[in-house]
Peer 1: 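Handing you a structure now.
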Amino acid sequence: MSPNIGITPANLKKSASILGTILSNEMTLYVKTRKFHWNISGNSFMELHKLFEEQYRVLEAQIDEVAERINQLGEKTIGTMKEFIDNSTLKESPKEYASQKHMLSELLENHEQLVTEFRNYIPIFEDETKDAGSADFVTGLLQEHEKMAWVLRRYQV
């Protein structure tokens, strides 16, 4: 049964499609953060190992919330790695094992990219799809990514 929440079916689909991209990006960043957690080495090994674990746990919770938001809008949620890769705007680096400095830079760039994308999505939710719930939801995600970016930025010298 389609939700009757004051948003047209076409706008529900458009909101869910944007959320599908967000979900794909969250999953890509989660996998990347987890990979870095597993492969970190160097002077700040334990500190960064714990930081990356903290961040991938936040991402894991966000992934579930985004998937559930898509379902709340009456759409099915994608769930295969191929779908996530095909729908993600973030890029992976297979078979590359970055230095500590590069790991931090790459994660920071990814979080900042998502913050920028979210800022572009929010007016679409507010003005085009009339989906205030998704606008508010994505604002919360944006704030979490700003916070994670801020922490990563503190390691840049």
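All of these numbers come straight from a predicted model, not from anything done at the bench.
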Peer 1: So does D127 have more than 12 non-hydrogen atoms from other groups sitting under 6.0 Å from CG?
Peer 2: yes
Peer 1: First locate atom CD of E146, then atom OG1 of T139, and finally report the distance between them rounded to the nearest 0.5 Å.
Peer 2: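 So the gap between those two atoms works out to 9.5 Å.
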Peer 1: Identify the heavy atoms of S88 and S24 that sit nearest to each other, and give their distance.
Peer 2: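 Scanning both residues completely, I find the closest heavy atoms to be N-CB, 3.7 Å.
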Peer 1: Any sub-3.5 Å donor-acceptor pair from T33's side-chain atoms to Y56's backbone N or O?
Peer 2: no
Peer 1: With rounding to the nearest 0.5 Å, note down the distance linking CD in E60 to CD in E26.
Peer 2: 12.0 Å
Peer 1: Using the side chain to side chain contact (heavy atoms under 4.5 Å, CB included) rule, take L19 and Y121 through it: C-alpha gap first, then chi angles, then the decisive distance, then the call.
Peer 2: CA-CA 9 Å; L19 290 165; Y121 293 146; over 6 Å; no
Peer 1: Using only heavy-atom distances, determine whether the side chains of E83 and T80 contain a donor-acceptor pair under 3.5 Å.
Peer 2: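 Yes, a side-chain donor-acceptor pair sits under 3.5 Å.
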Peer 1: Where do L152 and L108 come nearest, in terms of heavy atoms and distance?
Peer 2: CD1-N, 3.7 Å
Peer 1: Given E106 and K32, is the salt bridge (charged side-chain N to carboxylate O under 4.0 Å, His left out) satisfied, shown in steps?
Peer 2: CA-CA 9 Å; E106 188 171 342; K32 187 181 292 189; 2.8 Å; yes
Peer 1: For I124 versus K14, what's the shortest heavy-atom pair and its separation?
Peer 2: CG2-CE, 4.0 Å
Peer 1: Looking only at heavy atoms, what is the nearest atom pair of A149 and E112, with distance?
Peer 2: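 Between these two residues, the closest heavy atoms are CB-CG, 4.3 Å.
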Peer 1: Would you say the side chain of L12 lies within less than 4.5 Å of the side chain of T129, judging by non-hydrogen atoms?
Peer 2: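 With C-beta onward as the side chain, the pair stays apart.
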Peer 1: Answer yes or no: is there a side-chain heavy-atom contact under 4.5 Å between T8 and K13?
Peer 2: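 Not in contact.
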Peer 1: Is it the case that one hydrophobic cluster holds both L29 and Y97, taking links as side-chain heavy atoms less than 4.5 Å apart, direct or via other members?
Peer 2: no
Peer 1: Under 30°, 30 to 60°, or over 60°: which ring-plane class applies to F36 and F52, parallel, tilted or perpendicular?
Peer 2: tilted
Peer 1: Any side-chain donor-acceptor pair under 3.5 Å between Q100 and S41?
Peer 2: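 Not at all, the side chains of Q100 and S41 share no donor-acceptor pair under 3.5 Å.
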Peer 1: Determine whether I18 and V138 make a side-chain contact, defined as any pair of heavy atoms from C-beta on separated by less than 4.5 Å.
Peer 2: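 Side-chain contact under 4.5 Å: no.
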Peer 1: Hey, what do you get for CD1 (I70) to OG1 (T77), rounding to the nearest 0.5 Å?
Peer 2: 4.5 Å
Peer 1: Of all residues at least two apart in sequence or in a different chain, which pass the salt bridge (charged side-chain N to carboxylate O under 4.0 Å, His left out) check with E54?
Peer 2: none
Peer 1: Any chain of hydrophobic side-chain contacts (each under 4.5 Å) joining M103 to W38?
Peer 2: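 The answer is no; the residues belong to distinct hydrophobic clusters.
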Peer 1: Roughly how far, to the nearest 0.5 Å, is CG of L51 from CE of M46?
Peer 2: 13.0 Å
Peer 1: Determine whether V58 and L141 fall in the same hydrophobic cluster, where Ile, Leu, Val, Met, Phe, Trp and Tyr are linked whenever their side-chain heavy atoms lie under 4.5 Å apart.
Peer 2: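 Result: yes, single cluster for both.
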Peer 1: According to a 4.5 Å side-chain heavy-atom criterion applied to Ile, Leu, Val, Met, Phe, Trp and Tyr, with indirect links allowed, do L90 and I85 form part of one hydrophobic cluster?
Peer 2: no
Peer 1: Got a sec, which residues hit side chain to side chain donor-acceptor pair (under 3.5 Å) with S17, two or more places apart in sequence or on another chain?
Peer 2: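 If we apply the side chain to side chain donor-acceptor pair (under 3.5 Å) test to S17, skipping adjacent residues, there are no hits.
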Peer 1: For E117 and Q113, test the side chains for any donor-to-acceptor distance below 3.5 angstrom and give the result as yes or no.
Peer 2: yes
Peer 1: Would you check if Q143 and K147 make a side-chain contact, meaning some heavy-atom pair closer than 4.5 Å?
Peer 2: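 The answer is no; the side chains never approach within 4.5 Å.
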Peer 1: Of all heavy-atom pairs between Q72 and P3, which one has the smallest distance, and what is that distance?
Peer 2: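 Taking Q72 first and P3 second, the nearest heavy atoms are O-CG, 3.6 Å.
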Peer 1: Might you point out which heavy atoms bring E75 and A16 nearest each other, and give the distance in Å?
Peer 2: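 It is CG-CB, 3.4 Å.
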Peer 1: Hey, could you give me the NZ/CD distance between K91 and E109, rounded to the nearest 0.5 Å?
Peer 2: 14.0 Å
Peer 1: Determine, stepwise, if the pair K130 / N11 fulfils side chain to side chain donor-acceptor pair (under 3.5 Å).
Peer 2: CA-CA 8 Å; K130 307 300 183 202; N11 285 344; over 6 Å; no
Peer 1: Does the side chain of S15 pick up a donor-acceptor pair with the side chain of S134 at under 3.5 Å?
Peer 2: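 On atom types as modelled, these side chains do not qualify, holding no pair under 3.5 Å.
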Peer 1: For side chain to side chain contact (heavy atoms under 4.5 Å, CB included), just list the numbers for V31 and M81, CA-CA rounded to whole Å, side-chain angles, deciding distance to a tenth of an Å, and then say yes or no.
Peer 2: CA-CA 10 Å; V31 170; M81 293 310 297; 4.2 Å; yes
Peer 1: Look at the side chain of N39 and the backbone N and O of K35, then say whether any donor-acceptor pair between them is shorter than 3.5 Å.
Peer 2: yes
Peer 1: State the CG-OH distance between L59 and Y30, to the nearest 0.5 angstrom.
Peer 2: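 With rounding to 0.5 Å, CG (L59) is 9.0 Å from OH (Y30).
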Peer 1: Do you see a donor-acceptor pair shorter than 3.5 Å between the side chains of N25 and T89?
Peer 2: yes
Peer 1: Go through the steps for E53 and R57 under the test salt bridge (charged side-chain N to carboxylate O under 4.0 Å, His left out), then give the verdict.
Peer 2: CA-CA 6 Å; E53 181 176 5; R57 291 193 188 278; 2.8 Å; yes
Peer 1: Should L73 and D131 count as side-chain neighbours, where that means a heavy-atom distance under 4.5 Å?
Peer 2: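 Touching, per the 4.5 Å side-chain cut-off.
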Peer 1: For residues L104 and L48, determine if any side-chain heavy atom of one lies less than 4.5 Å from a side-chain heavy atom of the other.
Peer 2: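 SC-SC contact between L104 and L48 confirmed.
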Peer 1: Pairing donors with acceptors under 3.5 angstrom, does anything connect the side chains of Y155 and E47?
Peer 2: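 Side-chain D/A pair, Y155 to E47: present.
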Peer 1: Show your reasoning for whether side chain to side chain contact (heavy atoms under 4.5 Å, CB included) applies to V66 and F137.
Peer 2: CA-CA 9 Å; V66 174; F137 174 72; 3.8 Å; yes
Peer 1: Would you find more than 12 non-hydrogen atoms of other residues, nucleotides or ligands less than 6.0 Å from D86 atom CG?
Peer 2: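 More than 12 within 6.0 Å, yes.
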Peer 1: Which label fits H111 and H145: parallel for a plane angle under 30°, tilted from 30 to 60°, or perpendicular past 60°?
Peer 2: tilted
